[in-house]
Peer 1: 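Structure in structure tokens, see below.
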Amino acid sequence: MYRAPVLLRQLEPRTARTTAEVIKFALWPFAVMTVLNRVFIKAVNGFITDDFRPVYQASLDFLNGRPVYTANFDSVDPHYLYYPSGTLLIAPVAVLDYEKARWLFILLNAVAIIAAWYLLLRLFRFTVSSVVAPVLLFAMFMSETVINTLVFTNVNGCILLAELIFLHLLLKRRDLWAGAALGLSIAVKPTLAPLLLIALVRGQWKVFITALGVPLVLTAIAWPMSKDPEKFFTRTAHYLFETRDYFNSSIPGNGEYYGVQPWLVWFMRLGMGVLVAISLWLLYRYYRDDELFFVCTASGVLLTAVFLLPSLGQMYYSMMLFPFLMTVVLRNSVLRNWPAWLAVFGFMSYDKWLSDRWQHIGRDLEYLRITFGWGLLLVVVFCVLGDRYLAARREGRLAFGIDPTWIKPVPTGGAATPGASVPDSPEPANGSATTTAKRISVE
């Protein structure tokens, strides 16, 4: 008789005693069930867009010694666009039949996204037991970028994991390993290649050895094993630099779709490019010693610019911005304002804005929201950093950095005198202590 009440007490769910526990207990079931739905229902069901089929066919052709780069670029179907080195890495999936290989690829990307979620938590000094963990997991698997990566079955989940591994190792100054992680992603597709600029300005030269060496070695291995590797450079690469007017949310892509004059497209691209350059200069000049903030914010600005300004940008590329969006937990984040999150809604939301009643307006909202979202995010970063710079210059405290005084008060003694020999930023070279001090308390 005594054992029954004891057993029942063990089975009784815990009752939350704090607001943080309430949020955790409420969101963990939502997060877990959302992950299961996206992976085993939505992804397995698939969609009319199938990014995996051309990958599987190319892998099958590679293993059987047939030409790989034979896509008909006049069609709007997904094409096979990976490097020969990427073909070498992905080809083993074709040892299975198509359906099982697709399920394996879905599972591989889902595991990669969950691993990236964990690394993202650790990057910002959070644990799985923190309230941030279910919030972040739920938000990731509710986003368009994760849902369509799994449903369309492409490799972006693995690219995200490579990005998080790279950022972790870069901040720990394990340069060769950081470059190897980046090199594996570049061997498949060049999405993360702009992050080499972060290593360059931080003086981490060894990153380039493996970041460039890994894809070169893999290409050298794949070349004699391929039937037509040269066709990637003579045929496929040319297509990659063309601007297509479908499934393209970049400024040139929407310019092609809406028939915008080329001079106006170039004016917008150059104008946004100037904003990006100024933002990156301000980040480097005043925040490079605040390592976590600088690396994640600068990488986010770089990648957003790469999605928006060149010839091709697709909505689900936005997955690579998760580290940047996570900087919102830092006190000096540039994302602590509502326009930033209006921008994020534009390129992260899974909502569809196509309207049966107002077809023209709905179509424009659906097609342009991603472009406007990326553009607005870059404008917000520029405005926040620019306002901080102008305020600091007006108040004569540029020598102490550009953070508002409510974040980082000017040291005792008042504003710096002109020409004073004071470092650009008083933050320590090791960003971990700074980050912990500036991070919002949400444990």
Peer 1: Distance alone, cut at 3.5 Å: any donor-acceptor contact between the side chains of Thr145 and Ser143?
Peer 2: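 On atom types as modelled, these side chains do not qualify, holding no pair under 3.5 Å.
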Peer 1: Shortest non-hydrogen contact from Arg336 to Val328?
Peer 2: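 Minimum heavy-atom contact is NE-O, 2.9 Å.
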Peer 1: Any sub-3.5 Å donor-acceptor pair from Glu163's side-chain atoms to Leu192's backbone N or O?
Peer 2: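 Side chain of Glu163 to backbone of Leu192, a donor-acceptor pair under 3.5 Å: no, none is there.
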Peer 1: Considering only NZ, NE, NH1 and NH2 on the basic side and carboxylate oxygens on the acidic side, decide whether Glu291 and Arg173 come within less than 4.0 Å.
Peer 2: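 Salt bridge flag = yes for Arg173 with Glu291.
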Peer 1: Determine the minimum heavy-atom distance between Pro323 and Phe124, stating which atoms define it.
Peer 2: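 That closest heavy-atom pairing would be O-CZ, 3.7 Å.
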Peer 1: Going by the angle between their ring planes, with limits at 30° and 60°, are Tyr286 and Trp281 parallel, tilted or perpendicular?
Peer 2: perpendicular
Peer 1: Working to the nearest 0.5 Å, report the span between CG of Leu309 and CG of Leu378.
Peer 2: 7.0 Å
Peer 1: Kindly determine whether Phe293 and Tyr287 satisfy ring-ring contact (aromatic ring centres under 6.0 Å, His included), including the steps that lead there.
Peer 2: CA-CA 7 Å; Phe293 173 81; Tyr287 288 105; 4.7 Å; yes
Peer 1: Using a 6.0 Å distance limit plus a 45 degree cone around the ring axis, check whether Arg288 lies over the aromatic ring of Tyr284.
Peer 2: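 Geometry flag: set, cation within 6.0 Å and 45°.
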Peer 1: Considering non-hydrogen atoms only, spot the tightest contact between Leu312 and Gln314 and give its length.
Peer 2: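 What the structure gives for the nearest pair is CD1-CG, 4.0 Å.
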Peer 1: Is a donor on one side and an acceptor on the other found under 3.5 Å between the side chain of Trp117 and the backbone of Ala133?
Peer 2: yes
Peer 1: So, does Lys24 use its side chain to make a donor-acceptor pair with the main chain of Ser129 at under 3.5 Å?
Peer 2: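 Yes, the answer is positive, given that a donor and an acceptor are paired below the 3.5 Å cut-off.
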Peer 1: About how many Å separate CG of Leu377 and CG of Leu321, when rounded to the nearest 0.5 Å?
Peer 2: 7.0 Å
Peer 1: Ignoring hydrogens and angles, state whether a donor on the side chain of Asn248 or Asn254 is under 3.5 Å from an acceptor on the partner side chain.
Peer 2: no
Peer 1: So does Val151 get a backbone contact from the side chain of Asn148, meaning a donor-acceptor N/O pair under 3.5 Å?
Peer 2: no
Peer 1: For residues 352-362, please give each side-chain donor-acceptor pair under 3.5 Å, one per line with the distance, not counting sequence neighbours.
Peer 2:
unit_1, atom_1, unit_2, atom_2, d
Ser355, OG, Arg357, N, 3.2
Ser355, OG, Trp358, N, 2.9
His360, NE2, Asp364, OD2, 3.2

Peer 1: Does any non-hydrogen side-chain atom of Val188 lie less than 4.5 Å from one of Tyr83?
Peer 2: no
Peer 1: Crowded around Arg393 CZ? As in, over 12 foreign heavy atoms under 6.0 Å?
Peer 2: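 Atom CZ in Arg393 is not crowded, with 12 or fewer foreign heavy atoms closer than 6.0 Å.
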Peer 1: Report, as yes or no, whether the 6.0 Å neighbourhood of atom CZ on Arg269 holds more than 12 heavy atoms from other residues, nucleotides or ligands.
Peer 2: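 Yes - once you tally the heavy atoms of other residues, nucleotides and ligands closer than 6.0 Å, there are more than 12.
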Peer 1: Any side-chain donor-acceptor pair under 3.5 Å between Trp177 and Thr210?
Peer 2: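 There is no such pair between these side chains.
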Peer 1: Can you confirm whether Leu275 sits close enough to Met272 that some side-chain heavy atom of one is under 4.5 Å from a side-chain heavy atom of the other?
Peer 2: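 Yes. Closest side-chain heavy atoms under 4.5 Å.
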Peer 1: For Gly157 and Asn109, work out which heavy atoms get closest and say how close.
Peer 2: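 Distance-wise, the nearest heavy atoms are N-OD1, 3.0 Å.
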Peer 1: Return the minimal non-hydrogen interatomic distance between Ala112 and Leu161, and the atom names on each side.
Peer 2: O-CB, 3.8 Å
Peer 1: Before you tell me yes or no, could you show the steps for Phe208 and Leu196 under side-chain contact (heavy atoms from CB on, under 4.5 Å), namely the whole-Å CA-CA distance, both residues' side-chain angles and the distance that decides it to 0.1 Å?
Peer 2: CA-CA 7 Å; Phe208 287 80; Leu196 286 171; 4.0 Å; yes
Peer 1: Does Phe267, at its CZ atom, have more than 12 non-hydrogen atoms belonging to other residues, nucleotides or ligands within less than 6.0 Å?
Peer 2: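 Check fails, neighbour count at 12 or below.
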Peer 1: Would you check if Met348 and Leu325 make a side-chain contact, meaning some heavy-atom pair closer than 4.5 Å?
Peer 2: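 Side chain of Met348 against side chain of Leu325, heavy atoms only: contact under 4.5 Å found.
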Peer 1: Could you tell me whether the side chains of Tyr80 and Thr87 share a donor-acceptor contact shorter than 3.5 Å?
Peer 2: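 Tyr80 vs Thr87: donor-acceptor pair found between side chains.
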Peer 1: Would Val380 and Val334 count as a side-chain contact (heavy atoms from CB on, under 4.5 Å) if you check the C-alpha gap in whole Å, the side-chain angles of each, and the deciding distance to 0.1 Å?
Peer 2: CA-CA 8 Å; Val380 167; Val334 296; 5.8 Å; no
Peer 1: Test the Arg369-Phe347 pair against the cation-pi criterion, namely NZ or CZ under 6.0 angstrom from the six-membered ring centroid and within 45° of the ring axis.
Peer 2: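 No, Arg369 does not lie over the aromatic ring of Phe347.
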Peer 1: As an exercise, state the distance from OH of Tyr118 to CG of Leu164, rounded to the nearest 0.5 Å.
Peer 2: 12.0 Å
Peer 1: Are the side chain of Ser85 and the backbone N or O of Leu218 linked by a donor-acceptor pair below 3.5 Å?
Peer 2: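 The answer is no, because no donor-acceptor pair under 3.5 Å joins these two groups.
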Peer 1: Do Ile113 and Met319 have side chains that get closer than 4.5 Å, going by heavy atoms?
Peer 2: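 Result yes, sub-4.5 Å side-chain heavy-atom pair found.
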Peer 1: Taking Trp374 for its side chain and Gly346 for its backbone only, find out whether a donor-acceptor pair lies under 3.5 Å.
Peer 2: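 Checked: no pair found.
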Peer 1: Quick one: CG on Leu120 to CG on Leu137, what's the gap to the nearest 0.5 Å?
Peer 2: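 One finds 11.0 Å between CG of Leu120 and CG of Leu137.
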Peer 1: Taking all heavy atoms of Arg102 and all of Val44, pick out the closest pair and write down the distance.
Peer 2: NH1-O, 3.3 Å
Peer 1: Tell me whether the count of non-hydrogen atoms from other residues, nucleotides or ligands lying under 6.0 Å of CZ in Phe372 goes above 12.
Peer 2: no
Peer 1: Can Tyr82 and Val155 be said to form a side-chain contact (heavy atoms from CB on, under 4.5 Å), step by step?
Peer 2: CA-CA 11 Å; Tyr82 296 160; Val155 77; 3.4 Å; yes
Peer 1: Please report whether the ring centroid of Tyr257 lies less than 6.0 Å from that of Tyr367.
Peer 2: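 Centroid separation for Tyr367 and Tyr257: below 6.0 Å.
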Peer 1: Parallel, tilted or perpendicular: which describes the rings of Tyr98 and Phe52, with under 30° parallel and over 60° perpendicular?
Peer 2: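 The arrangement is tilted - the two ring planes meet at 30° to 60°.
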Peer 1: Arg388 versus Pro404: any side-chain heavy-atom pair under 4.5 Å?
Peer 2: yes
Peer 1: Establish, for the pair Arg244 and Tyr246, whether the NZ or CZ atom is under 6.0 angstrom from the six-membered ring centre and no further than 45 degrees off its axis.
Peer 2: yes
Peer 1: Quick one: does Gln57's side chain have a donor or acceptor within less than 3.5 Å of a partner on Arg53's backbone?
Peer 2: no
Peer 1: Will you find, in the side chains of Asn156 and Lys189, an N or O donor that is under 3.5 Å from an N or O acceptor?
Peer 2: yes
Peer 1: Does any part of the side chain of Thr297, heavy atoms only, come nearer than 4.5 Å to the side chain of Phe324, both counted from C-beta?
Peer 2: yes
Peer 1: Could you tell me if the side chain of Val306 sits less than 4.5 Å from the side chain of Leu302, heavy atoms only?
Peer 2: no
Peer 1: Hey, does the side chain of Asn45 reach the backbone of Ile41 with a donor-acceptor pair shorter than 3.5 angstrom?
Peer 2: yes
Peer 1: Find the distance between CD1 (Ile370) and OG (Ser250) and round it off to the nearest 0.5 Å.
Peer 2: 11.0 Å
Peer 1: Between CD1 of Ile114 and CE of Met140, what distance do you get to the nearest 0.5 Å?
Peer 2: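 Result: 9.0 Å between the selected atoms.
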Peer 1: Is Glu256 reaching over with its side chain to a backbone N or O of Thr243, donor-acceptor style, under 3.5 angstrom?
Peer 2: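 No; judged by distance alone, with no hydrogens or angles, the pair does not exist.
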Peer 1: Quick one, Phe141 and Leu150 - any side-chain contact, counting heavy atoms below 4.5 Å?
Peer 2: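 Side-chain contact under 4.5 Å: yes.
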Peer 1: Mind running side-chain contact (heavy atoms from CB on, under 4.5 Å) on Tyr316 and Val146 for me, showing each step along the way?
Peer 2: CA-CA 7 Å; Tyr316 51 47; Val146 169; over 6 Å; no
Peer 1: Quick check: are there more than 12 heavy atoms from other residues, nucleotides or ligands sitting under 6.0 Å from CH2 of Trp338?
Peer 2: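 Open: at most 12 neighbouring heavy atoms sit under 6.0 Å from CH2 of Trp338.
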Peer 1: Distance alone, cut at 3.5 Å: any donor-acceptor contact between the side chains of Thr153 and Asp51?
Peer 2: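 The criterion, which ignores hydrogens and geometry beyond distance, is not satisfied for Asp51 and Thr153.
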Peer 1: Spell out, as yes or no, whether a donor-acceptor pair under 3.5 Å connects the side chain of Thr34 to the backbone of Phe138.
Peer 2: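 Absent.
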